[in-house]
2 protein chains.
Amino acid sequence: MNDPQTEPQPQPKPQGRTAAVGRPARADAVRNRERIVAAAREAFAEAGPEASLNEIARRAGVGPGTLYRNFSGRPELLAAVLKDRVDTLCARARDLLSADSAGDGLAEWLRAFLDHARVNQGLGGALMLEQLEATGALGTDCHQRILDAVTALLARAQDAGAARRDLAPADLLQLVVGIALSTTHKQASPDDPEQAKRLLGLVLDATKAR
Amino acid sequence: MNDPQTEPQPQPKPQGRTAAVGRPARADAVRNRERIVAAAREAFAEAGPEASLNEIARRAGVGPGTLYRNFSGRPELLAAVLKDRVDTLCARARDLLSADSAGDGLAEWLRAFLDHARVNQGLGGALMLEQLEATGALGTDCHQRILDAVTALLARAQDAGAARRDLAPADLLQLVVGIALSTTHKQASPDDPEQAKRLLGLVLDATKAR
DNA sequence: TGTACATCAGTGAACGCGCGTTCACTGATGTAC
DNA sequence: TGTACATCAGTGAACGCGCGTTCACTGATGTAC
């Protein structure tokens, strides 16, 4: 009777996502999941990674319960939004690894990374690097993939003599994340939209071999 | 009867701080104000600038009403905490303006600024630069004073040929704020406590005249 | 110095709010015949 | 192809929580005599 195997479990806990096996996902379920991710992307972009989950559900036109059926909570939702972004960046890195100039390839990718990181108020920055790690595989994976990308591009630039040897990939990444964070405030400062680019230029200068 | 001048106003609104004229501030009022600022300093350092105001009042051993009697709200409280910090930084800048090496003076001050900005999770960074501006004189003043400090130090370094001429003081400041922000996460990353210093070193390299 | 009193700072329960999250119920969907 | 049915995704009111903020009341403090 106390055998935990046979105790009636209140819910099999779908653990978000679609069922691993059995019936294929229902059409409306797939549609709603996509709408939630799209709404989350917008909301995170506007209000930052702290955007209200209820608000995201509202935007997606679903009840809050539906959001929770698909995602265990905020971290998983953030990870889902991030995944596309990281996929794109990794693909870009792969392309740029065969760029004519190793230095330009690195610079170009960092520009792309900065653009992505600035959208969503540092979501693609701080969160990718730190916060999601606590949530397990999803976050760590994003972090690692980005780090791998910059590591490969930097190593190539270093081998080509286009970047100083005493520069750690993680440091370079962190600097660019810093630019993203410091130039993306709650209300986008209309003062100087070119500032981020200038700052990245300075950092790129600093990476050059002396 | 409708003359707004003679309408009974529910409260003269002390507008925080001590009364401008009339009786001197009461002893316990002065004490409490200091305790609130001290509690706020701690709380902001631990939980960031979003720290709960009720929690701050609790720490200070006063009721939430007392906090509001002394400060109109969060921005004013942040500004009060910031003021000491900014005073210190400005004094340091004044000293360093007569340092032997103009370049070293600038570098030294940026190190101090980074230290201060990292405490309180970017309180001394992002907030000083942006958020408080909306609150009027207090925030703008802090921002301006810091900007004045770095402007003077940078100009001197440029005149001495120790810093490139095409560098705006605001950009330099923003870069360092970025380092502060990206290296100060919610839970301080114990991974690499030296990272911030290394990143600042890179930025300092980038400021050198070519 | 001692005392009566007016002032005004402090108190803290209470309010309204939006948040994250749950769960009993509804009903759309896909399946089996 | 048409229909009956089982499954399970969706719903959304409701909950508990901590937040920022208020305000009627209390009482410590400084002043005047």
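Since the model is a prediction, treat every value here as computed from it, not as a measurement. Convention: sequence-line order gives letters A, B, ...; per-chain numbering from 1.
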Checklist outcome for this item: Scanning both residues in full, the closest heavy-atom pair of Val177(B) with Ser182(A) reads CG1-CB, 4.0 Å
Checklist entry - Are Arg118(A) and Thr183(A) linked by a side-chain donor-acceptor pair shorter than 3.5 Å? => result yes
Checklist entry - Just checking Thr66(B): base, sugar-phosphate only, or nothing, at a heavy-atom cut-off of under 4.0 Å? => result base
Checklist outcome for this item: The Watson-Crick or G-U wobble partner of dA4(D), with both key distances under 3.5 Å, is dT31(C)
Checklist entry - So which one's nearest nucleotide on DNA chain C is more toward 5', Gly73(A) or Gly63(B)? => result Gly63(B)
Next on the checklist: For Arg59(A), is there an ion pair with Glu55(A) - N to carboxylate O distance below 4.0 angstrom?
Outcome noted: yes
Checklist entry - Side chains of Arg164(B) and Asp205(A): does their closest heavy-atom pair fall under 4.5 Å? => result yes
Item to check | Contact nearer the 5' end of DNA chain D, comparing Pro64(B) with Arg31(B) | outcome: Pro64(B)
Next on the checklist: At less than 4.0 Å, is any side-chain N or O atom of Ser52(A) found next to OP1 or OP2 of dG18(C)? Yes or no.
Outcome noted: no
Checklist entry - Which part of the nucleic acid does Asn54(A) contact within heavy-atom distance under 4.0 Å: base, sugar-phosphate only, or nothing? => result base
Checklist outcome for this item: When Leu53(A) and Leu67(B) are each assigned the nearest nucleotide of DNA chain C, the 5'-most assignment goes to Leu67(B)
Checklist outcome for this item: Scanning all shown strands, the Watson-Crick or wobble mate of dC23(C) with both distances under 3.5 Å is dG12(D)
